[in-house]
Amino acid sequence: MSTCPELHQALHILFEELVDGTPPRGGYMLNGDDPGLLASLDRLSADAASRSVDGGATIAAHVEHVAYGLSLMNRWAGGEPNPFATADWSAAWRTSTVDGQRWQQLRANLRREVERWAEAIARPRELTDVERCGMIGSVAHLAYHIGAIRQIAAGARGPKQPA
């Protein structure tokens with residue numbers, strides 16, 4: 001086991017950029033002036049969140065899936081030894097059509113889990129190799145789903161890189 005405060009700080013910076021957008025000085029993962037995931041989702045209607053491309057997952061399903069994954073990470077960070085042992089990853093993918101109220105609930109739940117994980121990821125702790133990879137993977141996993149969401153709905157996309 002080892003503790004690396006610099007790793008926690010870097011992961012926190014990257015995670016915050018993905019969810020809250022690029023800082024004024026520019027970002028590492030998103031184009032400048034990108035609002036990040038949470039603001040991008042707030043721009044979408046329930047109808048837009050209920051659409052899929054070629055029968056794939058809806059944005060609502062991606063949001064529920066990401067929130068669920070982060071809830072597991074938060075449970076682990078809170079001291080639960082292995083919340084993944086009983087995880088039901090398929091539940092979120094059954095989400096398809098949402099109304100305005102359900103869409104608001106999904107976004108609020110995601111925001112809560114994001115805020116909790118942002119605090120947890122910033123806090124240096126002793127980590128095994130598996131735990132360290134899980135924390136790094138959580139940032140990569142989020143980045144993947146942002147890309148998937150932005151492929152489904154143009155309204156969720158960030159700004160293009162200036163020419």
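Closest heavy-atom contact between Trp103 and Ile59: CH2-CG2, 3.9 Å. When all heavy atoms of Pro81 and Pro83 are compared, the pair lying nearest together is C-CD, 3.9 Å. Closest approach of Gly134 to Met73, counting heavy atoms only: O-CE, 3.6 Å. Closest non-hydrogen pair, Ile146 versus Leu18, comes out as CD1-O, 3.6 Å. The shortest non-hydrogen separation linking Pro35 to Gly158 is CD-CA, 4.4 Å. Taking every heavy atom of both residues into account, Gly100 and Ala46 meet most closely at N-CB, 3.7 Å.
Asp47 CG to Thr58 OG1: the interatomic distance, rounded to the nearest 0.5 Å, is 12.0 Å. If you take CD1 on Ile121 and CD1 on Ile13, they are separated by 11.0 Å, rounding to the nearest 0.5 Å. Note that CD of Gln101 is 11.0 Å distant from CG of Leu106, once rounded to the nearest 0.5 Å. Put simply, NE2 on His8 and CZ on Arg132 are 8.5 Å apart, with the number rounded to the nearest 0.5 Å. Taking CG of Leu11 as the start and CH2 of Trp117 as the end, the distance is 8.5 Å to the nearest 0.5 Å.
Side chains of Leu110 and Leu37 form a contact here, defined as non-hydrogen atoms less than 4.5 Å apart. Side-chain contact between Leu70 and Phe15: present, with at least one pair of heavy atoms (C-beta onward) separated by less than 4.5 Å. Within the 4.5 Å cutoff, no side-chain heavy atoms of Val63 are placed close to those of Thr95. Counting only heavy atoms from C-beta outward, the side chains of Ile136 and Leu7 approach each other to under 4.5 Å.
Other residues, nucleotides and ligands contribute at most 12 non-hydrogen atoms within 6.0 Å of the CD atom of Gln9.
Leu44 and Val53 fall within a single hydrophobic cluster, where Ile, Leu, Val, Met, Phe, Trp and Tyr side chains are chained together by heavy-atom contacts under 4.5 Å.
Every pair passing salt bridge (Lys or Arg N to Asp or Glu O under 4.0 Å) that includes a residue from residues 14-38 is listed here, sequence neighbours excluded: Asp34-Arg150. Pairs of residues two or more places apart, or lying in two chains, that qualify as side-chain hydrogen bond (donor to acceptor under 3.5 Å, both in side chains) and include a residue from residues 70-84 are Asn74-Glu113, Arg75-Glu80, Trp76-Glu131. Counting only residues at least two apart or on different chains, the ring pair (Phe, Tyr, Trp, His ring centres under 6.0 Å) pairs with a member in residues 35-66 are His62-Trp93, His62-His145, His65-Trp89, His65-Trp93, His65-His141, His65-His145.
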Take Leu127 and Met135 through the test side-chain contact (heavy atoms from CB on, under 4.5 Å) and record every step on the way to the result.
CA-CA 9 Å; Leu127 297 171; Met135 289 181 80; 3.7 Å; yes
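The backbone N or O of Thr97 lies less than 3.5 Å from no partner atom in the side chain of Ser50, so there is not a single donor-acceptor pair. Between the side chain of Tyr28 and the main chain of Ala10, no donor-acceptor pair closer than 3.5 Å is present.
Taking Arg123 as the reference, nothing meets the salt bridge (charged side-chain N to carboxylate O under 4.0 Å, His left out) condition, with sequence neighbours excluded. Arg102 pairs by the salt bridge (charged side-chain N to carboxylate O under 4.0 Å, His left out) definition with Glu64, not counting sequence neighbours. Listed by chain and number, the residues in a salt bridge (charged side-chain N to carboxylate O under 4.0 Å, His left out) with Arg111 are Asp42 (sequence neighbours excluded).
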